[in-house]
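First the structure, in the form of structure tokens, and then the observations on it.
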Amino acid sequence: MAVTLNELKKNLGETVRARVPLAPYTNFKIGGPAKYLFEARQSEDLVKAVQVANEFKLPFLVLGGASNVLVADKGFTGLVVLVRNSQLKVEGTRVTADAGVKLSFLVQQTVAAGLSGLEPLVAVPGTVGGAVYGNAGIPQVPKGFIGDWVESVSVCREDKIILLKRAECGFAYRQSGFKQTNDVILSATLELQRGDASKSQELIKKYIAARKGQPYHKPSSGCIFMNVPITNADEVRQKFAGEEKLEQFLLRGQLPSSWLIDRAGLKGRTIGGIQVSPDHANYLVNVGNGTAEQVMEMISFIKQQVRDKFGIQLSEEVRYIGF
Ligand SMILES: Cc1cc2nc3c(=O)[nH]c(=O)nc-3n(C[C@H](O)[C@H](O)[C@H](O)COP(=O)(O)OP(=O)(O)OC[C@H]3O[C@@H](n4cnc5c(N)ncnc54)[C@H](O)[C@@H]3O)c2cc1C
């Protein structure tokens, strides 16, 4: 028999709520209700929520900053756990941060402690857990991804707490092994390097300034597609001969999806309340009452256009929830 709100409250406390709209929690401002919602303020609450969901055979979903998700208009028929644990410990060059710590806060704290390495992450919204899950970062700089600095990750798997070494996390561009498991990330330990706080602050200013041309403060899920790995340089040279930035892309080994979508002439294209940003073509912006259905329609339209024009298949970076 399906678990009731009262049973969940008995197990997780009075703060569990039923039929909670998820749109206000997401950066996209899109998404229907969670059947149940619980905020985990401590790692113990997070573990308990996973155990209770498993015990009652209730599907569960953890969300950090909800900055990289598209929640279906019909919502999620299970328990949504908002990860809000927030412990942060610095010991020498080693930093252990709870999954719920915001990335921007983590960067500022590590810089204040005289440590360097995480500056490229300063303007990536979301939490440590979400960042580890998707190996967040920027490809333009060496060691620009969180996975580059991870020493170990503590996870809750079924009802056990396990410590995974970096080599067991499967980090790659926008990838980690966590995308294939149901592990819930509790915290991550990062090994940073000693730095110079004033130089780090300069870098931080630079990374924040680099966002100026992006629709950073508008409702979106950031980049909707992953960049495209270049597997055959000759073919790419032939296809895009004469393009100004081509050598730069070849050097980086990736074609930016924003560039392809722009070249396909899709900037500014609108479906309902969803628009391909005129400022950065890989951002879909909710310009007013956009729905998940419209985002899906736009994603499929963009993929078809880019495939027809360039023979290139785009892959989504955003995680679909409740579809
Ligand atoms: C304006 C904007 C700019 C962005 N720029 C960048 C960028 O430069 N580089 C980049 O990499 N990303 C970028 N993003 C995407 C996003 O911010 C990152 O992917 C971020 O790391 C997601 O973290 P989150 O806490 O919001 O994750 P969420 O969106 O909450 O979750 C994303 C996925 O991670 C899972 N997850 C979250 N927490 C946990 C946990 N504790 N345990 C297990 N799974 C978990 C969720 O279930 C979900 O599947 C941007 C997004 C926006 C809106």
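Predicted model only: the values in this text are computed from it and were never measured. Start at 1 and go down the list; that is how both ligands and their atoms are numbered. Throughout, residue positions are numbered sequentially from 1 according to the sequence presented.
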- Message: Under 3.5 Å between any N/O of A123 and any N/O of ligand 1: does that happen in this structure?
- Response: no
- Message: Do S116 and L192 make a side-chain contact, defined as non-hydrogen atoms from C-beta onward lying under 4.5 Å apart?
- Response: no
- For L63, counting its heavy atoms only, list the atoms of ligand 1 lying under 4.0 Å from any of them. 30 (O)
- Query: To the nearest 0.1 Å, how far is atom 38 (N) of ligand 1 from its closest protein heavy atom, and which atom is that?
  - Reply: G130 N, 3.4 Å
- With the threshold set at 4.0 Å, does a side-chain nitrogen-carboxylate oxygen contact exist between R41 and E39? yes
- Query: Does a side-chain heavy-atom distance below 4.5 Å link L115 with E191?
  - Reply: no
- Message: Using side-chain heavy atoms (C-beta onward) and a distance below 4.5 Å, is V81 in contact with D45?
- Response: no
- Against heavy atoms of G222, which atoms of ligand 1 measure under 4.0 Å? 2 (C), 50 (C), 51 (C), 52 (C), 53 (C)
- Min heavy-atom dist K179 to ligand 1 below 4.0 Å: no
Only distances under 3.5 Å count here; give the side-chain donor-acceptor pairs of residues 64-73 to other protein atoms, sequence neighbours excluded, each with its distance to 0.1 Å.
unit_1, atom_1, unit_2, atom_2, d
D73, OD1, A292, N, 2.8
D73, OD2, A292, N, 3.4
D73, OD2, E293, N, 3.1

- Of all protein heavy atoms, the one nearest atom 25 (O) of ligand 1 is T127 OG1, 2.6 Å
- Message: I'd like to know whether ligand 1 has R211 as a neighbour, heavy-atom separation below 4.0 Å.
- Response: yes
- Considering heavy atoms of the protein only, find what lies nearest to atom 22 (C) of ligand 1 and give residue, atom and distance to 0.1 Å. S67 OG, 3.4 Å
- Message: What I want to find out is whether E316 reaches K303 closely enough, with some N-O distance under 4.0 Å, to be called a salt bridge.
- Response: yes
- Query: Which atoms of ligand 1 sit under 4.0 Å from any heavy atom of I138?
  - Reply: 8 (O)
- Does F178 have a non-hydrogen atom less than 4.0 Å from ligand 1? no
- Task: Find all atoms of ligand 1 within a distance of less than 4.0 Å from any non-hydrogen atom belonging to Y283, and give their numbers and elements.
- Result: 1 (C), 2 (C), 3 (C)
- Check whether any N or O atom of G64, backbone or side chain, sits under 3.5 Å from an N or O atom of ligand 1, and answer yes or no. yes
- Message: Can you check which of G65, P125, C156, S220 brings a heavy atom nearest to atom 14 (N) of ligand 1?
- Response: P125
- Task: Specify the protein heavy atom at minimum distance from atom 33 (C) of ligand 1: its residue, its atom name, and the distance to 0.1 Å.
- Result: Y133 CD2, 3.4 Å
- Of all the atoms in ligand 1, which lie at a distance below 4.0 Å from a heavy atom belonging to N27? 53 (C)
- Where on R174 is there a heavy atom closer than 4.0 Å to ligand 1, on the side chain, on the backbone, on both, or on neither? side chain
- Message: Any salt bridge linking E7 with K10? Criterion: basic side-chain nitrogen under 4.0 Å from a carboxylate oxygen.
- Response: no
- Item | atom 12 (N) of ligand 1: the protein heavy-atom neighbour that sits closest, reported with distance to 0.1 Å | V124 CG1, 3.8 Å
- Geometric class of the Y173/F145 ring pair [parallel <30°, tilted 30-60°, perpendicular >60°]: perpendicular
- For atom 28 (P) of ligand 1, what is the nearest protein heavy atom, given as residue, atom name and distance? A66 N, 3.6 Å
- Task: Identify, by atom number and element, the atoms of ligand 1 in contact range of V62, meaning under 4.0 Å from any of its heavy atoms.
- Result: 39 (C), 40 (C), 42 (N), 43 (C), 44 (N), 45 (C), 46 (C), 47 (O)
- Task: Provide, to 0.1 Å, the distance between atom 32 (C) of ligand 1 and the closest protein heavy atom, together with that atom's residue and name.
- Result: V69 CG1, 4.0 Å
- Which ligand 1 atoms are under 4.0 Å away from a heavy-atom of A99? 41 (N)
- Below 4.5 Å, heavy atoms only, C-beta onward: do K143 and P120 meet side chain to side chain? no
- Test: R237 and E243 ion pair at under 4.0 Å: no
- Test item, F145 contacting ligand 1 (heavy atom, 4.0 angstrom): no
- Message: Using a 4.0 Å cut-off to any heavy atom of G126, which atoms of ligand 1 qualify?
- Response: 23 (O), 24 (P), 25 (O), 26 (O)
- Query: Atom CD of Q214 and atom CG of D279: how far apart are they, to the nearest 0.5 Å?
  - Reply: 9.5 Å
- Task: Answer yes or no for G134: is there a heavy-atom contact with ligand 1 below 4.0 Å?
- Result: no
- Task: Work out whether the distance between some heavy atom of V155 and some atom of ligand 1 is less than 4.0 Å.
- Result: no
- Task: Answer with yes or no whether the side chains of T93 and Q193 bring together a donor and an acceptor at under 3.5 Å.
- Result: no
- What protein heavy atom sits nearest atom 49 (O) of ligand 1, and how far away is it? R319 NH1, 2.4 Å
- Side chains of Y207 and V107: closer than 4.5 Å at any heavy-atom pair? no
- Task: Kindly identify the option in V153, V50, N68, N282 whose heavy atom sits closest to atom 15 (C) of ligand 1.
- Result: N68
- Heavy-atom check, side chain of F323 versus side chain of M296, under 4.5 Å: yes
- Message: What I'd like to find out is whether the side chain of L260 reaches to under 4.5 Å of the side chain of F225, using heavy atoms alone.
- Response: no
- Message: For residues 95-106, which residue pairs pass the side-chain hydrogen bond (donor to acceptor under 3.5 Å, both in side chains) check, not counting sequence neighbours?
- Response: T96-T189
- Message: Below 4.0 Å, non-hydrogen atoms only: which portion of P215 touches ligand 1? Side chain, backbone, both or neither.
- Response: neither
